[in-house]
Amino acid sequence: MTGRGRLHKARSLDVCKPVETKRASRRGSGKGDMEEKKSQVLKDENKPKQREKKDIDEEKPAGSVKRETCALPETVPVEACATPKTATCDGKSKKLPKETSNCKEQKPPRTLRQDSVTRLISKEKSVDEVLLRKTLEKLKIKKVQRSEAASSINGIIKNIMDHLKKNTQCFKDISKLPTGSYYENLKISNPDEFDVMMTIPLDRVDLQPFGDDGAFYSVALKRGESSLKRFMQEEDNTLSAYGMLKEFREEVKKCVKMMKDVEMEKKKIGCPAVTLTIKGVGPVPISLDVVLGIEVRTSWPAEFTKDGFQIDDWLGKKVKQQHMRKPYYLVPKHEGRAMAERDGVLAKDVWRISFSHVEKEIVKNHGSEKTCCEDGKIRCCRKGCLKLLKHMLGLLKEEDSSFAKFCSYHAKTTFFHTCCSRNKDSDWEASRLSHCFLMLLEDFEGHLRDSKLPNFFIPTQNLLSGPSNRSCTSLARRIKEERESGFPIFLK
DNA sequence: CATGTTCGCGAGTGC
DNA sequence: GCACTCGCGAACAT
């Protein structure tokens, strides 16, 4: 009854989408009556499909071999990887890259002309390509694991929210904003890290830059009643990040104390998160970052992203404006020593702008065309590339502790920059995974060599100011090695 | 590869 | 305001 009405409304909102359903459009590309009949048959059994395909299939080996990619990594000779671009094993039909394989007469050893026959290229699978796909496969999160982790985490979040709403004054208006890689579908390997911002709405604040990198501010409330009054310092009305986070922490602690298998980690200086560790779910402990945040319900001040966030050519001017009209968030985070002082403000009381919500939004909506990655439309490999980069960085960190200061946010930021310079969906076509990944790596190496990686939103902030130049160049060199030798690191 | 599942999420609704 | 349901998309699974 009401269900109908709802459906209607939902549909009518959807103005930009094509009217036809996916199924319809898929069928729309059907060949003819014959085909249509066939497709009915196919539903029952999908064996008989020779007829017209025949000519095309000519060069394929007998159907016996399906695409089993599994044997590959072991069989890939390292030398073969050294010439990734020209190594042309036609991945689809035979999965063995050995040149000795005799199953067919071998192809003429032609070098690929890049642009001439794009058809061919998409058929070709370089050695890299296969390894990368295999690696991505491994990085997938298992359904059961995800399910267990999600229900555990969701329960905890709900508990905390309920507690804050019922038992506190200052945090009673809180809402949750899930962010970070899990919620962006970029998490790899295990669902073992969750980030949830708990946001308090606030209108009308007065920001004063703290330091000169443009990311940190002191926050003064306008006069008037506020449940946050007790966190305000008398003299200047600034809101104490430290005081508020402390209180927040204590409340979360009260509530978490009752939970089995959940522990709270020690406070980390300057860190806006209350980190909870959940054991007993899945093979590894899960860490849940609960981040206190202030939601400021006004458009971003223009100076925030002056010269930054340049997505005009990638996602479009309109999208950019939409984002800038949305609220922004502040989290209790500072750099350096807590008691460092500037203009009468202590570092421990400053806030950093957070753009997690925008990051999430653009990761989910990452195409220059709105339809990118939708069914039946161009699929891209952007996310795949980023996952691979994150994975590689993780592995390199494991093997060399001097890379400890590099983090996945460096990967993500690099990725955003690369998306801006290669901004068309066709630059990222799914079939060109290895090509795209190589580009991304080269970009990353570039940033590392310069020791410069501007925050995507606040370009005055250099995210590589932490790590030493030495470790930057060393990481760059290491990545280059991997890139040029066909990613042996992924074989382990 | 088509089809089925589950989770995340926004919109809508009813209390 | 809030909690709940619904329908859809993304990603995993078969």
Side-chain angles (χ1 to χ4, degrees), chain A residues 1-27 29-30 35 38-49 53 63 66-69 92 133 136-159 161-166 172-191 194-197 200-201 281-282 286 288 322 326 356-357 360-367 370-384 386-387 430:
Chain A
M1 350 139 193
T2 50
R4 285 276 158 76
R6 228 178 265 136
L7 185 64
H8 259 73
K9 284 188 185 149
R11 278 276 162 71
S12 63
L13 286 180
D14 235 271
V15 276
C16 12
K17 297 218 174 154
V19 181
E20 19 174 359
T21 68
K22 286 142 202 178
R23 211 161 296 134
S25 64
R26 217 178 280 135
R27 266 200 356 141
S29 67
E35 273 296 317
K38 239 193 240 168
S39 75
Q40 284 181 351
V41 178
L42 289 187
K43 273 183 200 158
D44 308 326
E45 294 196 40
N46 58 11
K47 292 289 145 109
K49 53 159 162 198
K53 284 288 171 65
K66 289 237 194 143
R67 41 122 196 248
E68 318 150 8
T69 49
K92 273 233 162 120
R133 286 188 198 288
L136 274 179
E137 200 63 28
K138 278 197 301 199
L139 296 178
K140 281 184 178 171
I141 289 176
K142 296 285 164 288
K143 220 171 168 180
V144 278
Q145 271 197 65
R146 175 174 121 112
S147 200
E148 284 169 10
S151 78
S152 165
I153 291 299
N154 289 339
I156 293 169
I157 299 287
K158 182 162 191 325
N159 263 306
M161 295 270 298
D162 289 351
H163 171 84
L164 293 172
K165 280 178 187 297
K166 280 185 197 121
K172 69 175 179 354
D173 293 328
I174 216 141
S175 22
K176 68 167 174 166
L177 177 56
T179 63
S181 62
Y182 174 83
Y183 295 100
E184 292 166 345
N185 282 314
L186 287 174
K187 190 72 187 75
I188 50 178
S189 304
N190 287 309
F194 291 77
D195 305 81
V196 178
M197 205 191 295
I200 303 176
V281 185
I286 299 173
L288 166 60
Q322 284 168 7
K326 285 189 195 144
S356 322
H357 60 305
K360 181 173 165 184
E361 194 68 30
I362 65 189
V363 165
K364 285 178 105 174
N365 234 325
H366 54 254
K370 285 164 260 319
T371 56
C372 183
C373 289
E374 281 180 13
D375 267 15
K377 297 289 164 47
I378 299 182
R379 303 202 79 83
C380 82
C381 61
R382 288 182 180 87
K383 283 184 171 191
L386 178 50
K387 285 183 183 178

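The figures that follow rest on heavy atoms only: side chains count, while hydrogens, waters and symmetry mates do not. Naming convention: chains lettered A, B, ... in sequence-line order (proteins, then strands); numbering from 1 in each chain. Keep in mind the model is a prediction, meaning the values are calculated, not measured.
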(request) Starting from P on C:dC12, measure out to CG on A:Asn190 and report it in whole angstrom. (result) 13 Å

(request) Please list, by residue number, the residues of residues 143-150 of chain A whose heavy atoms come closer than 4.0 Å to an atom of DNA chain B; answer none if no residue qualifies. (result) A:Lys143, A:Arg146, A:Ser147, A:Ala150

(message) Using only atom types and a distance under 3.5 Å, with no angle test, would you say the side chain of A:Lys165 pairs donor to acceptor with the backbone of A:Ile174?
(response) yes

(request) Please report, rounded to the nearest Å, how far the P atom of C:dA10 is from the CD1 atom of A:Ile141. (result) 17 Å

(message) If the cut-off is 4.0 Å, is A:Tyr182 near the phosphate of B:dG8, judged by side-chain N/O to OP1 or OP2?
(response) yes

Quiz: residues 145-157 of chain A side-chain donor-acceptor pairs under 3.5 angstrom, not counting sequence neighbours:
from	atom 1	to	atom 2	distance (Å)
A:Ser151	OG	A:Glu148	O	3.3
A:Asn154	ND2	A:Ala150	O	3.1

(message) Whole angstroms only, please: what is the CD1-P distance between A:Ile153 and B:dC9?
(response) 14 Å

Review item, nucleotides 1-4 of chain C N/O atoms under 3.5 Å of protein N/O:
none

(request) Could you state the atom-to-atom distance from NZ of A:Lys138 to C1' of C:dC12 in whole Å? (result) 18 Å

(message) Between C1' on C:dA11 and CD on A:Glu137, what's the gap in Å once rounded to a whole number?
(response) 11 Å

(request) Please name all residues satisfying salt bridge (Lys or Arg N to Asp or Glu O under 4.0 Å) with A:Lys326, sequence neighbours left out, ordered by chain then number. (result) none

(request) Look at the side-chain N and O atoms of A:Lys187 and state whether any lies under 4.0 Å from the OP1 or OP2 oxygen of C:dA11. (result) no

(message) I'd like to check A:Lys360 versus A:Pro178 (side-chain heavy atoms, cut-off strictly below 4.5 Å). Are they in contact?
(response) yes

(request) Determine the minimum heavy-atom distance between A:His366 and A:Cys380, stating which atoms define it. (result) NE2-SG, 3.4 Å

(message) Tell me the interatomic distance from A:Asp195, atom CG, to B:dG8, atom C1', rounded to whole angstroms.
(response) 15 Å

(message) In whole Å, I'd like the distance from the OH atom of A:Tyr183 to the P atom of B:dG10.
(response) 13 Å

(request) Could you list the residues that satisfy salt bridge (Lys or Arg N to Asp or Glu O under 4.0 Å) with A:Asp173, not counting sequence neighbours? (result) none

(request) Round to the nearest Å and state the distance from A:Asp375 atom CG to C:dA11 atom C1'. (result) 12 Å

(request) Can you figure out which of B:dC9, C:dC12, B:dG8 approaches the side chain of A:Lys387 most closely? (result) C:dC12

(message) Strictly below 4.0 Å: does A:Asn185 bring a side-chain N or O up to OP1 or OP2 of C:dG9?
(response) no

(message) The criterion is salt bridge (Lys or Arg N to Asp or Glu O under 4.0 Å); which residues satisfy it with A:Lys172, sequence neighbours excluded?
(response) none

(request) May I ask you to verify if any side-chain N or O of A:Lys383 is less than 4.0 angstrom from the OP1 or OP2 atom of C:dA11? (result) yes

(request) Quick one: sort the A:Phe194 and A:Tyr183 rings into parallel, tilted or perpendicular, breaks at 30° and 60°. (result) perpendicular

(request) Look at atom NZ of A:Lys176 and say whether more than 12 heavy atoms of other residues, nucleotides or ligands are closer to it than 6.0 Å. (result) no

